[in-house]
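Here's the structure we're looking at; comments come further down.
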Amino acid sequence: MTPKVSLRGVSKSFGSNTVLRDLSLDVATGEVVSLIGASGSGKTTLLRCVNLLEHIDDGAVLLDGDEISAIGRDPNPVRRRVGIVFQSFNLFPHMSVARNITLALTKVLGQSHDDARTHASDLLQRFGLAEKADVYPDQLSGGQQQRVAIIRALAMRPEVLLLDEITSALDPELVGEVLDVVRELKGSGITLLIATHEMGFAREISDRVCFLHSGSVAEIGTPTQVFGSPQDERTRQFLRRVTN
Amino acid sequence: MARGLHRRTGHQPRLTTRQEYERQQRRRSSFIAAASTFVVLVAVLVFVPRMPRWDRVKKSFFDVDQMGDSLPRLIDAFWLDVKIFAWTTPAIFALALLIALARNSRSPALFPIRALAAAYTDVMRGVPVILWIYLVGFGVPGLGIARPFNSPLLWGSVALAMTYSGYVAEVFRAGIDSVHESQRAAARSLGLSSTQTMRHVVLPQAIRRVVPPLLNDLVSLQKDVALVSLIGPIEILRQAGIDKSKFANFTPFVVAALIFLSVTIPLTRLTDYLWQRERRRTSGTRVAA
Ligand SMILES: Nc1ncnc2c1ncn2[C@@H]1O[C@H](COP(=O)(O)OP(=O)(O)O)[C@@H](O)[C@H]1O
Ligand SMILES: [Mg+2]
């Protein structure tokens, strides 16, 4: 079967700093893959390449077998299908929660304001934020802001959702409510690619775990394989460091 | 609860030593401010009238009859300043926004536009306003354009709008630059085009941040409008000059200054207030002292 997302020999540098080296990775439809690896190993860059926030230097990124990284391709239709949630939430501070969610629905998908608003309310309801619809982001806790950011991405009904260390900027007691949202998404048919430092969570939620080391895949396998009996010395070292 | 208790027993809430100390400090600085203002005022009121030529200055600058006589004419003439201000302001904002957007464009193909916009702001900010008003205000009508498009009033206003749009464009640009890149990333990741991102996400945040400096520029504009008089139109400054010559008295200039102040001071206070508010909103908690 054609993978949902496929990276084929992707390379990416910033100046002389090579961040992704000939990296290949296939993710099946509905699969949950976690990216783990040291800070600076290229997790964020990889995710940004998948929804075309970065141009790759070499190789190809495919969505349903279609080369989305081809030169001169309009990125906007791709971004409708591939959502991303950032470490720092990036909500629009000058818009209410509801407007944050409906902006792209109306401007990109062409929905009417009423339809968009109903859709936003349904999602807010589903994730326990119904009463926050008309509040502005700075009146929300970090956990609530990140949940809104996830809802904003989900509202576009993406086929693929990229999550970039979405709990790293949160106080420990707020991590749980955000991870609960992600747990709810698993099995809904959406394909999830998750960069994370939460090893316990990666182990629990992932179909496969991918360990990145300086821009390439050092090891990939089921959580039991990667966490239980890592084959690569670098994986073992990394896991020793983060579990201590 | 605690407050009710104090009221019932008739006691003021007890101040801590620190609160007591800070209260004393506040009283002390209020006293110093009041005392020094008083000293300066007395000095002015006592010494200025004792200057050898005070009588003559008083007559030629502060002639009460002259004030009453000139005031209606000057207010009438001030209307022209208000009108010039009213039609140049929207033109300045529109032009400035276009230039700022041109300078912020990112596509490599638009390099000539960026360069042009940069050159425009450099020239406009580099030439004295008055010189530009002379050049455009006399130069363009001098080309022999037909009425009514040859009026110095029109081209003086255009010159003013051109100069100011250079400054205001820089203010807009600074505002646009101050919006964090992650905001664009978020908008683009949702599929918004770069134009939609600018319009719905970047500009609204940018403009909110630059309201105080924009008002600052408006205060300056309000005064610089008078420079258009130098190429002909009879607005307040010129009317004051006419009155001065006719009555051989400088009082009309003082009246004109007061009329300007009656508009610019409220605007300046508002600007300051908005600055302070913006500062409080964005610069975090103040250090104690
Ligand atoms: N926009 C950029 N410009 C220059 N260097 C960058 C940029 N983004 C990331 N990098 C560099 O790429 C490397 C990988 O970063 P990143 O993908 O953020 O890693 P991770 O998310 O795994 O911590 C780092 O060395 C970082 O400094
Ligand atoms: Mg990262």
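Residue numbers start from 1 in every chain, and the chains themselves are labelled A, B, ... in the order their sequence lines are given, proteins ahead of strands.
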Query raised in the report: Pick from Arg80(A), Lys107(A), Met156(A): which one has the most heavy-atom pairs with chain B under 4.5 Å?
Result: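 It is Lys107(A).
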
Just wondering, are more than 12 heavy atoms of other shown residues or ligands nearer than 6.0 Å to [atom1] in [X]?
{"X": "Trp87(B)", "atom1": "CH2", "result": "yes"}
{"X": "Arg157(A)", "atom1": "CZ", "result": "no"}
{"X": "Gln139(A)", "atom1": "CD", "result": "yes"}
{"X": "Phe14(A)", "atom1": "CZ", "result": "yes"}
{"X": "Arg125(B)", "atom1": "CZ", "result": "yes"}

Closest non-hydrogen atom pair between [X] and [Y], with its separation:
{"X": "Ala153(A)", "Y": "Leu190(B)", "result": "CA-CD2, 4.4 Å"}
{"X": "Asn76(A)", "Y": "Ser193(B)", "result": "ND2-CA, 3.8 Å"}
{"X": "Arg152(A)", "Y": "Ala186(B)", "result": "NH2-CB, 3.6 Å"}
{"X": "Val201(B)", "Y": "His94(A)", "result": "O-CE1, 3.5 Å"}
{"X": "Leu53(A)", "Y": "Ala185(B)", "result": "CD2-O, 4.0 Å"}

Need one label for [X]: side chain, backbone, both or neither, based on atoms under 4.5 Å from any heavy atom in chain B.
{"X": "Val82(A)", "result": "backbone"}
{"X": "Phe92(A)", "result": "both"}
{"X": "Arg48(A)", "result": "side chain"}
{"X": "Leu162(A)", "result": "neither"}

Query raised in the report: What distance separates Asn90(A) CG from Glu181(B) CD, expressed to the nearest 0.5 Å?
Result: 10.5 Å

Query - Contact check, side chains of Gln183(B) and Pro93(A), non-hydrogen atoms, under 4.5 Å - result: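 Yes, side chains in contact.
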
